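Following: one structure in structure tokens, then a few remarks.
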Amino acid sequence: GFLIKWNSAGSYLYSTAISAGSLNSGAGAIAIDSNDNVYFGGSYDSSPTIYNCTAAPNTISSGKTLPTPNTSGRVKSFIIKYNSTGLYLGATALYDGNYDNGVSVLMVDSANNIYAGGGYYGAPTIYNITATVNATSSGNTVPNDPYGYGELYLIKWNSSGVYQACINLPTSGGYTQSGFSGPGPG
């Protein structure tokens with residue numbers, strides 16, 4: 001997946017890409033808060049380097065990588081936060097031994113709380129959005145999928161990236177990530 005920023009006149013400013021592994025990986029969602037910070041989310045199945053956004057893409061590493069999934073070939077969810085000039089500020093990833101099928105929606109409300117939604121199997125650990133990826137566990141997991149078909153989640157972090165709440169939307173016959181839509185909270 002990739003992220004590109006143009007100015008209001010349509011001139012290219014910067015970009016970055018997540019080289020995330022297989023064809024099942026890539027960008028899924030984007031949101032911007034009132035401070036013009038950019039939240040970039042999607043899925044990955046390797047351990048990609050996180051780059052700062054620059055005019056020449058993927059030339060200046062943030063020195064961070066997304067965590068390697070603990071089960072080979074499994075797709076995991078990510079959120080990366082950049083400031084308005086494209087510098088890396090923080091990230092988080094959701095993963096466990098099962099599939100976590102990516103962030104398919106990101107929203108930021110008027111208080112700059114961050115909301116992410118997507119699909120998962122299992123019970124992935126929820127981490128705070130911090131400069132060191134997955135350094136601070138919230139001590140919470142997405143509720144376990146009781147049916148084994150996959151479920152949808154919606155997670156909320158405050159404007160500092162600290163976990164606040166999570167709900168899961170149980171399904172009894174699988175899910176469709178495209179089921180998330182709408183203008184967003186607040």
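Since this is a predicted model, take the numbers as computed values, not measurements.
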* Distance in Å, Lys64 NZ paired with Ile80 CD1, rounded so as to fall on 0.5 Å steps -> 12.5 Å
* Apply the side-chain contact (heavy atoms from CB on, under 4.5 Å) test between Cys53 and each candidate in Thr16, Leu87, Asn83, Ile60; give the one that qualifies. => Thr16
* To do: For Asn168 and Tyr153, indicate whether the former's side chain and the latter's backbone hold a donor-acceptor pair under 3.5 Å.
  => no
* Spatial distance of atom NZ (Lys5) from atom OG1 (Thr85) [nearest 0.5 Å] -> 8.0 Å
* To do: May I ask you to decide if Leu13's main-chain N or O and Asn7's side chain share a donor-acceptor pair within less than 3.5 Å?
  => no
* To do: Could you state whether Trp6 and Tyr14 fall into the same hydrophobic cluster, counting links through intermediate Ile, Leu, Val, Met, Phe, Trp or Tyr residues with side-chain heavy atoms under 4.5 angstrom apart?
  => no
* **Chi angles and distances behind the side chain to side chain contact (heavy atoms under 4.5 Å, CB included) call for Met107, Asp109** => CA-CA 7 Å; Met107 298 172 280; Asp109 66 18; over 6 Å; no
* Asked: Would you call Ile79 and Trp157 a side-chain contact if the rule is heavy atoms closer than 4.5 Å?
  -> yes
* Asked: How long is the span from the CG atom in Leu154 to the SG atom in Cys166, to the nearest 0.5 Å?
  -> 7.5 Å
* To do: For Ser15, check side chain to side chain donor-acceptor pair (under 3.5 Å) against everything at least two apart and list the hits.
  => Tyr12
* To do: Output yes when a side-chain donor or acceptor of Tyr51 lies under 3.5 Å from a complementary backbone atom of Tyr88, and no otherwise.
  => no
* To do: State the CD1-OG distance between Ile126 and Ser77, to the nearest 0.5 angstrom.
  => 11.0 Å
* Asked: Measuring from Ser160:OG to Ile129:CD1, what's the distance to the nearest 0.5 Å?
  -> 10.5 Å
* To do: Considering non-hydrogen atoms only, spot the tightest contact between Ala29 and Leu106 and give its length.
  => CB-N, 3.5 Å
* Minimum-distance pair of heavy atoms, taken over all atoms of Asn37 and Ser84 -> OD1-N, 4.1 Å
* Asked: What are the two closest heavy atoms between Ser104 and Gly118, and how far apart are they?
  -> OG-CA, 3.7 Å
* Asked: Centres of the Phe78 and Phe40 rings: under 6.0 Å?
  -> yes
* To do: Please name all residues satisfying ring-ring contact (aromatic ring centres under 6.0 Å, His included) with Tyr82, sequence neighbours left out, ordered by chain then number.
  => none
* Asked: Would a 4.5 Å heavy-atom cut-off, applied to side chains only, mark Val38 and Ile30 as touching?
  -> yes
* Asked: What about Ile167 and Tyr115, same hydrophobic cluster or not, with Ile/Leu/Val/Met/Phe/Trp/Tyr joined at side-chain heavy-atom distances under 4.5 Å?
  -> yes
* Roughly how far, to the nearest 0.5 Å, is CG of Asn35 from CG of Asp33? -> 5.0 Å
* To do: Of all the heavy-atom pairs spanning Ala31 and Val108, show the shortest one and how long it is.
  => CB-CG2, 3.8 Å
